[in-house]
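Every chain is numbered from 1 and lettered A, B, ... according to where its sequence line falls, protein lines coming before strand lines. Since we're looking at a predicted model, the values are computed, not measured.
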Amino acid sequence: MAAGQTSQEPDRGAAVPEAGPDPAALLGWYDAHRRTLPWRAPPGAPADPYRVWLSEIMLQQTTVTAVQPFYARFLARFPDVNSLASAPAEAVMQAWAGLGYYSRARNLHACARTVVAEHGGAFPASLDGLLALPGVGPYTAAAVGAIAFDLPAAAVDGNVERVISRIYRVEEPLPGAKPRIRALTQALVPALRPGDFAQAMMDLGAMICTPRRPACGVCPWMGSCAARAAGDAETFPRKAPKKAVPSRFGAAFVGVRADGAVLLRTRPPEGLLGGMDEPPGGAWREGDAMPALADLLQEAPFAAPWRPAPGGVRHVFTHFRLELVVFVAIVATDYAAPAGMRWVRRADLARSALPNVMRKVVAHGLEFAGRARSGVE
DNA sequence: CAGACGTGGGC
DNA sequence: TGCCCAAGTCT
């Protein structure tokens with residue numbers, strides 16, 4: 001659609017919805033068009049709270065496509081809350097490596113242990129009980145409550161914010177509009193099938209009421225949508241302008257043993273990539289350009305014949321861009337790991353808790369080491 | 001409450 | 001390339 005003007009008031013002449021959105025109409029659409037997802041119980045079957053909770057945590061700020069393989073592997077490895085609670089933290093971080101937002105994994109593990117220690121292994125069936133669990137906020141508590149326990153809770157995620165802001169043409173930008181959107185949503189939650197209603201709202205947002213080019217022509221609520229009537233659905237929800245993301249620069253040091261093993265350490269438990277593995281690295285400094293190689297080399301974790309691998313590694317985080325020079329040094333197989341670090345054999349790298357940015361660093365360093373050893377450079 | 005917190009895909 | 005987006009939570 002044409003985006004239309006961005007600062008308009010409701011058109012006096014525009015068509016106006018004849019009635020409010022009907023939850024039953026949405027449920028009817030859901031029964032016919034619902035997505036089949038691995039964490040979803042078949043129609044009419046009760047949902048497993050553990051699986052619902054696990055999927056909701058994984059899906060926070062993460063696409064269904066990205067979650068699917070992680071969910072399958074994770075569930076195979078930790079089939080129930082007891083197996084997760086009794087697992088070591090490293091195993092959980094390893095299973096989460098690559099999914100991002102690693103505090104979710106820490107909180108997931110803490111949550112499983114809380115459920116086992118304080119709730120006898122059963123998830124609390126109340127909103128307050130769920131909300132008290134680590135990593136469970138207003139959205140997740142409502143989603144698990146509605147889907148797994150039939151609580152008439154409003155699970156308001158990004159999909160629902162988009163759907164509701166269009167239906168009612170909410171002019172206030174996010175995040176300020178959240179309380180209003182939540183109240184508007186809560187008023188629609190049906191006493192029967194609240195879990196299906198929650199999932200229907202998400203499917204509607206994901207399949208029909210999409211951020212760009214919404215398929216208003218096949219929407220079960222098209223007759224009740226103020227934005228559709230005004231022809232500017234795509235401009236909702238209104239959002240506060242974003243800030244520019246700064247760049248940071250630094251060095252990573254990939255120590256490679258003659259037998260191919262790589263030197264890794266584990267990051268501190270809190271903060272960026274908390275609890276995840278990495279090759280040792282220097283500080284990441286904000287700026288406009290990469291510091292001189294000689295300056296970066298000052299931060300080498302130990303003395304070795306460090307050489308910069310051509311190209312480096314770029315990565316984009318939510319709040320900054322990162323550019324790393326990857327220094328590589330090949331050392332003897334009997335070289336002892338410095339304090340706080342360990343040698344990880346090539347075959348074991350896949351089972352380490354390397355976040356993707358650090359996987360890129362290791363791959364880049366190993367590629368250069370391989371070429372250097374075969375004398376191809 | 002604004003900022004921290006990953007990653008990959010679409011356009 | 002760059003910007004936006006995706007089932008948020010915690011501090």
Roughly, in whole Å, what's the span from OH in A:Y102 to C1' in B:dC5?
11 Å
A:Q60 side chain N/O closer than 4.0 Å to the phosphate oxygens (OP1, OP2) of C:dG8?
no
Is the NZ or CZ atom of A:R106 both under 6.0 Å from the centre of the six-membered ring of A:Y102 and within 45° of that ring's axis?
no
Please work out if A:G271 contacts a base, only the sugar-phosphate, or nothing of the nucleic acid, heavy-atom cut-off 4.0 Å.
sugar-phosphate
Does A:R166 count as lying over the ring of A:F236, i.e. NZ or CZ under 6.0 Å from the six-ring centre, within 45 degrees of the axis?
no
Distance, rounded to the nearest Å, where A:W96 contributes CH2 and B:dG6 contributes C1'
12 Å
Integer-rounded Å distance: B:dC5 C1' and A:R321 CZ:
16 Å
Starting from C1' on B:dG6, measure out to CG on A:D277 and report it in whole angstrom.
16 Å
Below 4.0 angstrom, which residues in residues 27-48 of chain A have at least one non-hydrogen atom near DNA chain B?
none
Hey, which of these two, A:L133 or A:D203, hits DNA chain C nearer its 5' end, going by closest nucleotide?
A:D203
Regarding A:V136, tell me which of base, sugar-phosphate or nothing describes its non-hydrogen contacts under 4.0 Å with the strands shown.
sugar-phosphate
Taking the nucleotide of DNA chain B with the closest heavy atom to each, which residue, A:S103 or A:P175, is nearer the 5' end?
A:P175
Find the distance between NZ (A:K360) and CG (A:L322) and round it off to the nearest 0.5 Å.
9.0 Å
Using only side-chain N and O atoms of A:K242, determine if any of them is under 4.0 Å from OP1 or OP2 of C:dC4.
no
Are A:H319 and B:dG3 close enough that a side-chain N or O sits under 4.0 Å from OP1 or OP2?
no
Looking at A:R342 and A:D348, does any basic side-chain N land under 4.0 Å from a carboxylate oxygen?
no
Do you know the tightest heavy-atom contact between A:M358 and A:R267?
CE-NH1, 4.3 Å
How is A:L273 classified with respect to the nucleic acid when contacts are heavy atoms under 4.0 Å: base, sugar-phosphate, or nothing?
sugar-phosphate
Can you tell me the distance, in whole Å, between the CZ atom of A:F317 and the P atom of B:dA4?
13 Å
Can you tell me, in whole Å, how much space there is between the P of C:dC4 and that of B:dG3?
15 Å
Is the A:F317 to A:H315 ring centre distance short of 6.0 Å?
yes
At under 4.0 Å, does any side-chain N or O of A:R162 touch on OP1 or OP2 of C:dA6?
yes
Taking the minimum atom-to-atom distance to the side chain of A:L272, which one of B:dT7, B:dC5, C:dT9 wins?
B:dC5
Per atom distances to the A:T318 side chain, the nearest of B:dC5, B:dG3, C:dA6 is B:dC5
Among C:dC5, B:dT7, C:dT9, the nucleotide that comes nearest once only the side chain of A:T140 is considered:
C:dT9
Do the ring centers of A:Y71 and A:F74 come within less than 6.0 Å of each other?
no
Between A:T333 and A:D259: side-chain donor-acceptor atoms closer than 3.5 Å
no
Would you please indicate yes or no on a ring centroid separation below 6.0 angstrom for A:W53 and A:F123?
yes
A:F249 and A:W284 aromatic centres sub-6.0 Å:
no
Which whole-number value in Å describes the distance from A:N107 CG to B:dC5 P?
14 Å
In this structure, how many angstroms lie between the P atom of C:dC10 and the CD atom of A:Q61, rounded?
13 Å
Got a donor-acceptor pair under 3.5 Å from the side chain of A:Y101 to the base of B:dG6?
yes
Could you measure between the two P atoms, the one in C:dT11 and the one in B:dG6, and give it in whole Å?
14 Å
Interatomic distance, A:R359 CZ vs B:dG6 C1' [rounded to whole Å]:
14 Å
P-based separation of C:dA6 from B:dC5 [nearest Å]
23 Å
Quick test: give all pairs of protein nitrogen or oxygen and nucleotides 8-11 of chain B nitrogen or oxygen below 3.5 Å, distance rounded to 0.1 Å.
{"from": "B:dG8", "atom 1": "OP1", "to": "A:N356", "atom 2": "ND2", "distance (Å)": "2.2"}

Rounded to the nearest 0.5 Å, what separation is found between the CE atom of A:M202 and the CZ atom of A:R162?
12.0 Å
